[in-house]
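Below: the structure, in structure tokens.
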Protein chains: 2
Amino acid sequence: MSGAETGRQAAPAAARPAPDGASAGHEVLAVVFQIRGDRLCVLLWRRARPPYEEHWALPGGRLGGAEGLDGSIRRQLAQKVDVRDLAHLEQLETRGDPCRHPRGRILATAYLGLVPAGIDPVVPEDTGWHPAVDLPDMGFDHADIVHSGRRRLRAKLSYTNIGFALAPPEFTVSQLSRYYSAALGHDVAATNLRRVLLRRGQIEETGGSVASGRSGGRPAALFRFRTRRLEITDAFAVLRPPAGS
Amino acid sequence: MSGAETGRQAAPAAARPAPDGASAGHEVLAVVFQIRGDRLCVLLWRRARPPYEEHWALPGGRLGGAEGLDGSIRRQLAQKVDVRDLAHLEQLETRGDPCRHPRGRILATAYLGLVPAGIDPVVPEDTGWHPAVDLPDMGFDHADIVHSGRRRLRAKLSYTNIGFALAPPEFTVSQLSRYYSAALGHDVAATNLRRVLLRRGQIEETGGSVASGRSGGRPAALFRFRTRRLEITDAFAVLRPPAGS
DNA sequence: GCAAAAGTGTTGGTGGTACACCCATGG
DNA sequence: CCATGGGTGTACCACCAACACTTTTGC
């Protein structure tokens with residue numbers, strides 16, 4: 001391996017970086033979110049040794065020699081924190097600041113992963129869920145990466161059906177509105193959320209319903225997402241192609 | 001400047017760090033777009049040797065040991081293709097398929113760069129602009145990456161002010177509508193584009209105007225973008241916070 | 001005056017929030 | 001029958017596409 005096709009270079013002197021100290025290492029990280037108790041939480045583990053001893057960090061690790069980036073983060077989440085129930089996974093960004101890791105030059109490609117509400121994966125002792133709005137002390141640039149993940153999730157909730165990855169297979173509209181509230185960080189009225197998602201064809205009634213609680217109230221209808229694959233449901237409001245095309 | 005690619009020399013043991021055989025190399029690429037002659041074009045260079053001899057490729061190259069990703073692609077564009085007038089640059093995606101490069105495992109982080117219309121950077125002999133809708137034979141996964149870039153640009157034209165990076169400092173609305181048409185791939189009516197961008201506060205009149213051509217017509221007013229930094233001008237139509245907050 | 005290109009006014013549709021109101025259930 | 005929560009109907013508004021119309025120029 002390690003062919004090293006150097007691309008082209010103009011100014012020999014400058015272009016010839018250090019004896020190719022180039023990428024000495026590459027790691028893959030994941031921002032894994034789940035709604036727990038009406039709050040958006042992220043999965044973190046606590047570092048037991050330096051650097052950043054006692055700080056919290058994103059799950060992930062070194063990229064293996066023969067695996068792709070997606071495969072690598074899936075493997076590491078399964079092996080290290082026993083998370084196998086990702087309903088959605090997408091690449092977030094790659095950080096390459098030479099100083100981001102005190103041990104030397106390590107690039108990191110971060111992913112956004114979503115676990116549906118309601119399930120409770122068994123995670124190791126040193127691993128836990130933390131509210132995304134109230135992060136503990138975190139090492140490296142990981143807190144920044146969590147914020148990127150939140151922004152991405154917020155945006156996609158608005159124009160895709162990504163809600164399927166936050167909600168369990170069946171849910172009532174009022175439950176769903178709580179998931180949206182938690183992820184978006186502001187109130188979402190159930191009454192309108194129902195109409196928006198129905199109009200867009202994102203959700204449909206299952207036919208079932210849920211008995212009312214002891215305090216009464218009309219039984220709630222159950223819904224499900226029509227598909228569990230990411231789709232863009234709201235092409236941008238503006239600048240779409242003219243009708244006749 | 002910068003002629004052909006100078007010898008590739010297999011990176012010595014230096015590139016051999018990762019204990020687990022992890023990342024042997026990392027390159028940085030750029031999809032640089034410019035509107036030329038009412039078409040969206042991308043900057044490519046023609047490979048003189050294998051792999052993919054005679055095919056076209058995205059500009060870029062190995063990441064230097066002491067530079068960040070952004071810095072690296074800026075440096076390489078400046079040195080290798082003499083492009084220094086990027087009005088916008090953002091990270092696109094990172095590809096890590098172990099087989100994407102026949103010479104071995106090389107990760108690639110791709111950027112999207114935009115050069116305003118009207119300027120004509122001097123580029124090397126083997127480098128040229130190609131219509132993005134009619135790409136020549138391209139090596140590696142570079143054609144895919146160009147498509148990612150187009151999708152990203154199209155989306156951002158709809159909800160940000162990224163048009164500032166396609167247009168020259170001053171322009172008429174009808175010119176601007178041609179830039180938008182080229183980048184979006186469909187007609188954009190000048191009459192409505194003007195209103196949309198004015199309402200959103202993206203553009204403003206400079207006061208100047210352009211004399212009409214020999215065929216007559218009312219002189220066109222000149223406009224400029226109010227800012228040349230990326231801003232989201234159209235928060236998603238849906239699911240915004242309630243009014244009272 | 002006539003053609004050409006820029007710019008304005010207006011209409012109609014879509015898709016959203018807000019809020020009043022009706023429905024089904026438990027006590 | 002009342003409180004509680006689910007569900008529907010409707011008013012209103014922002015935003016945009018389409019198109020007719022007006023303005024300003026060259027010839």
Side-chain angles (χ1 to χ4, degrees), chain A residues 38 157-161 170-178 180-181 184 186-223 232-245, chain B residues 38 157-160 163 170-178 180-181 184 186-223 232-245:
Chain A
D38 289 349
L157 275 174
S158 292
Y159 69 93
T160 73
N161 65 344
E170 300 199 341
F171 48 86
T172 68
V173 173
S174 68
Q175 276 164 25
L176 190 62
S177 79
R178 282 196 296 276
Y180 272 71
S181 298
L184 291 173
H186 62 74
D187 279 357
V188 174
T191 217
N192 289 326
L193 183 64
R194 153 199 242 95
R195 261 188 295 234
V196 168
L197 297 188
L198 278 174
R199 176 175 34 226
R200 294 184 180 177
Q202 284 193 30
I203 61 175
E204 64 189 359
E205 284 194 67
T206 67
S209 67
V210 144
S212 39
R214 58 190 111 276
S215 66
R218 175 169 169 176
L222 283 172
F223 287 80
I232 293 177
T233 57
D234 190 41
F236 300 102
V238 251
L239 301 174
R240 23 177 181 233
S245 74
Chain B
D38 288 348
L157 275 175
S158 291
Y159 68 94
T160 73
E170 300 199 340
F171 47 85
T172 67
V173 172
S174 68
Q175 275 165 25
L176 189 63
S177 79
R178 282 195 296 275
Y180 272 71
S181 298
L184 291 172
H186 61 76
D187 278 357
V188 174
T191 222
N192 289 325
L193 183 65
R194 156 201 238 93
R195 262 188 293 232
V196 168
L197 298 187
L198 278 174
R199 177 175 36 225
R200 295 184 179 175
Q202 284 192 29
I203 61 175
E204 64 188 1
E205 282 194 69
T206 66
S209 66
V210 145
S212 38
R214 61 189 106 275
S215 66
R218 175 168 167 176
L222 282 172
F223 287 80
I232 293 178
T233 56
D234 190 38
F236 300 103
V238 249
L239 303 175
R240 28 182 174 226
S245 76

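Protein chains get the first letters and strands the later ones, always in sequence-line order, with residue 1 at the start of each. For the numbers below, each heavy atom of this structure counts, side chains included, while hydrogens, waters and symmetry mates do not.
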How long is the line joining [atom1] of [X] and [atom2] of [N], in whole Å?
{"X": "A/His186", "N": "C/dG16", "atom1": "NE2", "atom2": "C1'", "result": "13 Å"}
{"X": "B/Phe171", "N": "C/dG7", "atom1": "CZ", "atom2": "P", "result": "12 Å"}
{"X": "B/Leu176", "N": "C/dG7", "atom1": "CG", "atom2": "P", "result": "12 Å"}
{"X": "A/Arg199", "N": "D/dT8", "atom1": "CZ", "atom2": "P", "result": "14 Å"}

Do B/Gln202 side-chain atoms and B/Thr160 backbone N/O form a donor-acceptor pair below 3.5 Å?
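Such a contact is found between B/Gln202 side chain and B/Thr160 backbone.
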In terms of the nearest nucleotide of DNA chain D, which residue is placed more toward the 5' end: B/Ala189 or A/Arg178?
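The residue closer to the strand's 5' end, by nearest nucleotide, is A/Arg178.
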Counting distance alone, no hydrogens or angles: does the base of C/dG9 have a donor or acceptor under 3.5 Å from a partner atom on the side chain of B/Arg195?
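Such a pair exists between side chain and base.
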Report which part of the nucleic acid [X] touches: base, sugar-phosphate, or nothing (heavy-atom distance under 4.0 Å, all strands).
{"X": "A/Arg194", "value": "sugar-phosphate"}
{"X": "A/Ala221", "value": "sugar-phosphate"}
{"X": "B/Ser174", "value": "sugar-phosphate"}

Starting at the 5' end of DNA chain C and moving along, which residue's nearest nucleotide shows up first, B/Asn192 or B/Ala220?
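Whichever sits nearer the 5' end wins; that is B/Ala220.
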Listed by chain and number, what are the salt bridge (Lys or Arg N to Asp or Glu O under 4.0 Å) partners of A/Arg194, not counting sequence neighbours?
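So A/Arg194 forms no salt bridge (Lys or Arg N to Asp or Glu O under 4.0 Å) with any residue.
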Would you list the protein and nucleotides 23-27 of chain C atom pairs, both N or O, that sit under 3.5 Å from each other?
residue : atom : partner  : partner atom : Å
C/dC23  : O4'  : A/Arg218 : NH1          : 3.4
C/dA24  : N3   : A/Arg218 : N            : 3.3
C/dT25  : O3'  : A/Ser212 : OG           : 3.3
C/dT25  : O2   : A/Gly217 : N            : 3.0
C/dG26  : O4'  : A/Gly216 : N            : 3.4
C/dG26  : O3'  : A/Arg214 : O            : 3.0
C/dG27  : OP1  : A/Arg214 : O            : 3.3

